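Beneath this line is the structure, given in structure tokens, with notes to follow.
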Amino acid sequence: MRALPRAILAAVAVTVSIGAASTPAHAGTGRGPAGQTLTATPSSGVSRTGATVTVSGSGYDVTKGIYVAFCVDNGVGVAPTPCGGGVDTTGSSGASHWISSNPPSYGEGLAVPYGPGGSFRVTLTVSPRIGDVDCTVRRCVVASRADHTRTADRSQDVRVPVTFAAAAAPAPTRTPAAAPATTGGAARTTPPAATPAGTPTGGAPASTATAVAPAGTGGTAGPAGPADAGDQAQVTRVSAASDTGRWWLVALVVPLLVMALLAGLRRRRRRRAAS
């Protein structure tokens with residue numbers, strides 16, 4: 001029973017050691033003509049807004065100074081150029097670094113010396129553009145190349161291609177609502193309400209344009225049509241209601257006044273009789 005847990009622990013230890021020794025994810029490695037190794041992390045899916053890339057190298061000739069920078073690749077046998085940050089001997093821009101163990105006198109304290117076995121480790125700031133060059137279209141690389149003291153020396157040229165993340169998808173656009181159907185170039189509108197029969201062309205209702213003769217009179221108006229008959233009936237009803245209301249008011253008020261008058265006369269007679 002104890003052998004199984006030990007076997008599991010051993011397998012885990014081996015897996016961890018292999019993972020630690022392997023190249024980190026998204027890292028790219030290039031090999032130089034003299035066996036130099038150059039590694040850039042990350043080298044793919046780099047943010048289009050800019051990112052920091054860790055660059056490490058080993059196996060370089062410590063007697064030759066180099067620049068490490070992000071450059072446009074011009075192919076084998078041609079110096080990678082232009083580079084981000086230009087020839088930055090101080091490394092203050094973060095776009096390039098000067099590595100040299102025996103720089104000229106003016107470079108002492110500025111150049112970073114090699115580590116054991118011609119090694120170094122620096123960080124670079126990269127972006128999709130180098131000057132006017134679009135690195136999402138042109139091939140751009142993290143590169144090492146001989147410094148300005150050996151510009152024609154191509155023995156230190158090592159390249160690691162760098163690719164950037166895909167551009168964000170554009171926001172969806174809304175399709176405008178379809179315009180209302182038109183006929184002959186004019187927008188279709190709701191037709192006006194039908195004009196009542198008997199309405200004159202001027203737009204005035206028939207009831208106001210033509211007087212209706214009361215029933216039983218010798219008016220000269222012609223016989224009314226269906227619409228005119230409706231107007232007459234409506235007017236007759238309104239007039240009758242109005243007259244009825246007036247007569248009802250007279251029939252109610254007059255008796256009340258008469259009763260009040262009689263009551264007053266009776267009171268006066270009683271007072272006279274009592275006196």
Side-chain angles (χ1 to χ4, degrees), residues 26-115 118-167:
H26 304 297
T29 300
R31 302 285 180 179
Q36 307 98 317
T37 299
L38 185 68
T39 301
T41 308
S43 63
S44 62
V46 178
S47 172
R48 287 177 174 249
T49 60
T52 299
V53 176
T54 301
V55 183
S56 58
S58 62
Y60 283 80
D61 185 348
V62 296
T63 65
K64 298 179 179 181
I66 61 172
Y67 289 126
V68 178
F70 183 54
C71 311
V72 177
D73 186 16
N74 297 310
V76 179
V78 182
T81 188
C83 299
V87 180
D88 183 11
T89 58
T90 64
S92 59
S93 68
S96 64
H97 292 275
W98 185 15
I99 312 296
S100 179
S101 293
N102 57 345
S105 58
Y106 59 82
E108 294 179 0
L110 299 177
V112 178
Y114 286 103
S119 63
F120 61 86
R121 184 182 180 88
V122 295
T123 58
L124 294 177
T125 301
V126 302
S127 64
R129 301 194 71 88
I130 299 176
D132 295 333
V133 178
D134 185 353
C135 290
T136 64
V137 179
R138 288 282 303 274
R139 175 183 164 98
C140 295
V141 295
V142 168
S144 64
R145 50 173 287 187
D147 64 15
H148 59 284
T149 63
R150 293 181 173 85
T151 56
D153 188 348
R154 304 271 62 84
S155 65
Q156 306 302 306
D157 291 356
V158 186
R159 303 170 179 83
V160 178
V162 172
T163 58
F164 291 87

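Small disclaimer: the values here were computed from a predicted structure and weren't measured.
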Side-chain touch [X]/[Y], heavy atoms, less than 4.5 angstrom:
X    : Y    : result
L124 : V68  : yes
F70  : I130 : yes
I66  : F120 : yes
V53  : T123 : no
S96  : Y67  : no

Taking all heavy atoms of [X] and all of [Y], pick out the closest pair and write down the distance.
X    : Y    : result
T49  : S47  : OG1-OG, 2.8 Å
D73  : R138 : O-NH2, 4.0 Å
P33  : S155 : CG-O, 3.3 Å
G30  : V160 : N-CG2, 3.5 Å
Y114 : S101 : N-OG, 3.0 Å
T151 : H148 : CG2-O, 3.5 Å

Say whether, by atom type as modelled, one donor and one acceptor occur between the side chain of [X] and the main chain of [Y] under 3.5 angstrom.
X    : Y    : answer
T52  : T125 : no
R139 : T136 : no
S43  : H26  : yes
R159 : G75  : yes
N74  : A79  : yes
R31  : Q36  : no

*Would you say the side chains of T41 and T54 form a donor-acceptor pair under 3.5 Å?*
no
_Before you tell me yes or no, could you show the steps for R150 and K64 under side chain to side chain contact (heavy atoms under 4.5 Å, CB included), namely the whole-Å CA-CA distance, both residues' side-chain angles and the distance that decides it to 0.1 Å?_
CA-CA 8 Å; R150 293 181 173 85; K64 298 179 179 181; 3.9 Å; yes
Which value, rounded to the nearest 0.5 Å, describes the distance between [X] atom [atom1] and [Y] atom [atom2]?
X    : Y    : atom1 : atom2 : result
L38  : S58  : CG    : OG    : 9.0 Å
C135 : R48  : SG    : CZ    : 11.0 Å
I99  : R121 : CD1   : CZ    : 12.5 Å

*For salt bridge (Lys or Arg N to Asp or Glu O under 4.0 Å), just list the numbers for R145 and D157, CA-CA rounded to whole Å, side-chain angles, deciding distance to a tenth of an Å, and then say yes or no.*
CA-CA 5 Å; R145 50 173 287 187; D157 291 356; 5.6 Å; no
*asked:* Assess the residue pair T39 and T29 against the criterion (side chain to side chain donor-acceptor pair (under 3.5 Å)); give the C-alpha distance rounded to whole Å, side-chain angles, the decisive distance to 0.1 Å, and a yes or no.
replied: CA-CA 4 Å; T39 301; T29 300; 3.2 Å; yes
*asked:* Please evaluate residues S119 and Y60 with respect to the criterion side chain to side chain donor-acceptor pair (under 3.5 Å), reporting the C-alpha separation (whole Å), side-chain torsions for both, the decisive distance (0.1 Å), and the verdict.
replied: CA-CA 7 Å; S119 63; Y60 283 80; over 6 Å; no
*Separation of SG atoms, C140 and C71, below 2.5 Å*: no
